[in-house]
Protein chains: 2
Amino acid sequence: MGATIDDVAARSGVSTATVSRVLSGSVPARAATRERVLAAARELDYRPSSIARALKRQETRTLGLLVTDITNPFYPQIVRAVEAAAHERGYGIVLANGGDDAARELEHLDLLIERRVDGIVIVSSRMTRRHAERLHRTAVPVVLVNDTVAGSGLPTVTTAHRRGARLAAEHLIQLGHQRIAHIGAPADQAASGQRRQGVRDAMRRAGLGEPLIAIGDGGVAGGAHAAEALIDSDITGIVAYNDLTAIGALRALRRAGIGVPEAVSVVGFDDIDLAAWTDPPLTTIRQPTEALGRWAVEHVADLLAGHDDGLGISPVLLDPEIVVRDSTSARGTV
Amino acid sequence: MGATIDDVAARSGVSTATVSRVLSGSVPARAATRERVLAAARELDYRPSSIARALKRQETRTLGLLVTDITNPFYPQIVRAVEAAAHERGYGIVLANGGDDAARELEHLDLLIERRVDGIVIVSSRMTRRHAERLHRTAVPVVLVNDTVAGSGLPTVTTAHRRGARLAAEHLIQLGHQRIAHIGAPADQAASGQRRQGVRDAMRRAGLGEPLIAIGDGGVAGGAHAAEALIDSDITGIVAYNDLTAIGALRALRRAGIGVPEAVSVVGFDDIDLAAWTDPPLTTIRQPTEALGRWAVEHVADLLAGHDDGLGISPVLLDPEIVVRDSTSARGTV
DNA sequence: TTGAAAGCGCTAACAT
DNA sequence: ATGTTAGCGCTTTCAA
């Protein structure tokens with residue numbers, strides 16, 4: 001099919017070594033030789049095989065991207081970010097969409113390893129110690145995004161969930177809200193504890209006591225349910241676990257005839273694409289997706305380059321920022 | 001680092017050929033040999049290098065997935081579907097996110113080819129004849145999803161956009177609507193013409209004349225704008241180019257105090273995840289994402305297997321289905 | 001500046 | 001049933 005380096009060498013009357021050198025530009029060559037090689041390559045439409053190169057060089061310039069929690073609305077954003085950062089550094093991305101169960105996920109991990117990816121980025125999965133072990137054994141650089149495995153020593157970069165949730169609650173407090181509820185997510189969601197804590201931090205600092213806590217399911221339905229349960233309380237502000245939850249709350253409140261933001265203010269988390277288009281547009285905490293992806297890729301690259309910076313002892317926290325839209329408004333003390 | 005086939009061979013006291021055979025299971029081996037090989041492989045945590053295998057076999061069991069139109073809300077769904085279908089058939093996915101300009105996209109294509117992907121699935125990109133040429137020259141099987149390049153002869157699978165839009169309009173007509181508007185997308189969107197035609201088909205069949213046409217931008221903002229312009233007309237139903245456009249329309253109508261679906265019914269297209277959660281939940285045309293992805297992968301596989309079924313002359317159309325929610329309702333003749 | 005040759009890890013004839 | 005060996009397409013010493 002495609003032309004090989006031998007074809008190019010033959011056509012230009014030099015050795016394959018010379019072709020390789022000219023094409024890589026690593027070693028100077030006589031101008032005349034250069035020209036001939038380049039011409040031959042062009043004429044034959046030669047594309048070096050990265051497979052052969054990988055075998056020789058023992059690196060594929062490829063990163064595995066394992067995304068398990070596909071229900072995560074924030075998934076497309078992070079895939080985008082990682083792909084872009086990788087491409088910039090000359091890495092390709094092999095995508096692995098985690099399945100439903102942990103077993104299938106381990107299988108994916110194996111596949112990535114067999115494909116000899118140079119490193120692996122794992123996003124918000126249900127990583128277990130077993131995964132970590134497997135990873136450790138094969139010595140493939142790995143970085144976790146938005147999740148940690150306790151005691152695995154795996155390097156991690158995550159959004160500062162706690163700080164983000166605090167930001168959300170503080171925004172409400174600054175607007176004069178005093179009775180604030182938090183609609184959380186089940187405990188198995190990596191960030192649920194931290195976000196709840198963030199809301200408490202803000203309340204406590206302001207001397208407002210404890211937030212009212214309701215639990216959703218991380219999705220719209222759960223958010224709506226939880227908000228309904230909150231309707232008879234006298235809260236004026238809600239910090240939702242994420243945007244999906246917030247959208248559910250918006251819906252439930254509308255159904256109940258409670259105006260947002262006049263009667264109750266709502267803050268989300270993530271800033272998914274559609275957050276700008278809810279009704280009213282959602283005030284939310286934007287995760288630093290770009291930075292998360294970039295950091296993950298750069299750190300894998302560093303690890304590959306042998307810069308073992310002793311990281312992984314504690315996760316790197318990246319700051320989110322608040323995006324104020326129309327689902328929150330000032331509220332004097334009642 | 002990792003153990004090689006030589007290590008396993010040495011440890012189990014057989015030749016590498018035997019190891020290869022035992023592991024692949026292609027040829028029967030004596031039970032005792034089998035055991036020893038398997039044991040050695042396990043002990044060494046041996047993972048065959050798919051790189052070396054690819055070089056030998058001249059196939060990587062890898063498909064390239066080029067997604068350019070990243071603004072397409074339908075993007076995550078199709079990535080999911082393609083990945084799943086590929087995985088099922090033992091293919092991995094190399095992801096390439098198209099850039100802004102056509103040049104960057106060509107670069108991506110080259111990269112995929114250098115990576116020696118066995119086939120390429122291209123989703124809804126701004127494919128040009130130049131791309132098609134490049135593809136043709138390298139003889140890599142390609143299938144296009146939801147887009148065609150006129151005269152390129154590239155096999156294509158797409159949603160039956162025209163039929164889908166007709167379904168949408170017919171739904172409205174059955175509900176008693178007579179004055180229907182279509183909010184379309186700019187002409188450069190692959191499906192815009194077909195969807196507009198679909199609406200006209202339905203109107204004409206029902207003897208209702210031409211639909212009122214407004215043009216959005218394929219996004220929420222454009223949908224809102226276009227809907228505003230429609231407010232003073234006397235239409236009672238809107239078929240939007242896609243869900244984003246429909247969401248924009250929903251918003252504009254609410255702002256204007258026009259009830260959906262009491263005063264005006266709205267139908268979207270795509271059935272993105274959030275369509276079920278708009279207010280009111282959106283009646284829409286669901287693209288057969290699963291089938292699209294599966295078909296694309298299977299067709300590439302067929303091509304790879306040498307089944308040149310003379311396809312590609314005309315695109316394969318997959319039927320969408322209507323999902324009726326609450327943004328549409330019956331309406332007697334006024 | 002260029003060439004010859006070894007070798008990356010595997011598979012598949014071809015032998016035995 | 002198993003071993004020997006060539007070779008996939010490249011890069012990289014080592015020589016010249």
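Chain letters run A, B, ... following the sequence lines, proteins first and then strands; every chain starts at 1.
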[X] [atom1] - [N] [atom2] separation (whole Å):
X: A:D6; N: C:dG3; atom1: CG; atom2: P; value: 13 Å
X: A:E114; N: C:dG9; atom1: CD; atom2: P; value: 15 Å
X: A:K56; N: C:dA6; atom1: NZ; atom2: C1'; value: 7 Å
X: B:R21; N: D:dT5; atom1: CZ; atom2: C1'; value: 12 Å
X: B:R61; N: C:dC10; atom1: CZ; atom2: P; value: 18 Å

Determine: side-chain N/O of [X] to OP1/OP2 of [N], distance under 4.0 Å, yes or no.
X: A:T18; N: C:dG3; result: yes
X: B:R57; N: C:dA12; result: yes
X: A:T16; N: D:dC10; result: no
X: A:S15; N: C:dG3; result: yes

Check your understanding: Quick one: do the A:D270 and A:Q77 side chains pair a donor with an acceptor below 3.5 Å?
Key -> no
Would you mind telling me which of [options] lies closest to the side-chain atoms of [X]?
X: A:T4; options: D:dT11, C:dA4, D:dG9; answer: D:dG9
X: A:Q58; options: C:dG9, D:dT4, C:dC10; answer: C:dG9
X: A:I5; options: D:dG3, C:dG3, D:dC10; answer: D:dC10
X: A:R30; options: D:dT2, C:dT1, D:dT4; answer: C:dT1

The residue among B:T158, B:L292, B:D319 that forms side-chain contact (heavy atoms from CB on, under 4.5 Å) with B:Q287 is B:L292
Distance col, row B:E35:CD vs B:R30:CZ, nearest 0.5 angstrom, shows 12.0 Å
Heavy-atom nearest pair, A:A86 first then A:L63, reads CB-CD2, 4.3 Å
Taking every heavy atom of B:N97 against every heavy atom of A:R80, the minimum-distance pair comes out as ND2-CA, 3.8 Å
5'-most contact on DNA chain D (nearest-nucleotide basis), A:S26 vs B:P28, goes to B:P28
Ordered by number, residues from residues 32-55 of chain A within less than 4.0 Å of DNA chain C (heavy atoms) are A:T33, A:L55
Q. Any side-chain heavy atom of B:T62 sitting closer than 4.5 Å to one from B:R115?
A. no
Open item on the list: Between the base of C:dG9 and the side chain of A:R116, is there a donor and acceptor pair under 3.5 angstrom?
Closed with: no
Next item on the list: Using a heavy-atom cut-off of under 4.0 Å over every strand shown, decide if A:A29 touches base, sugar-phosphate, or nothing.
Entry: sugar-phosphate
Discussion item. Tell me whether A:S24 contacts the main-chain N or O of A:S20 through its side chain, where contact means a donor paired with an acceptor under 3.5 Å.
Written reply: yes
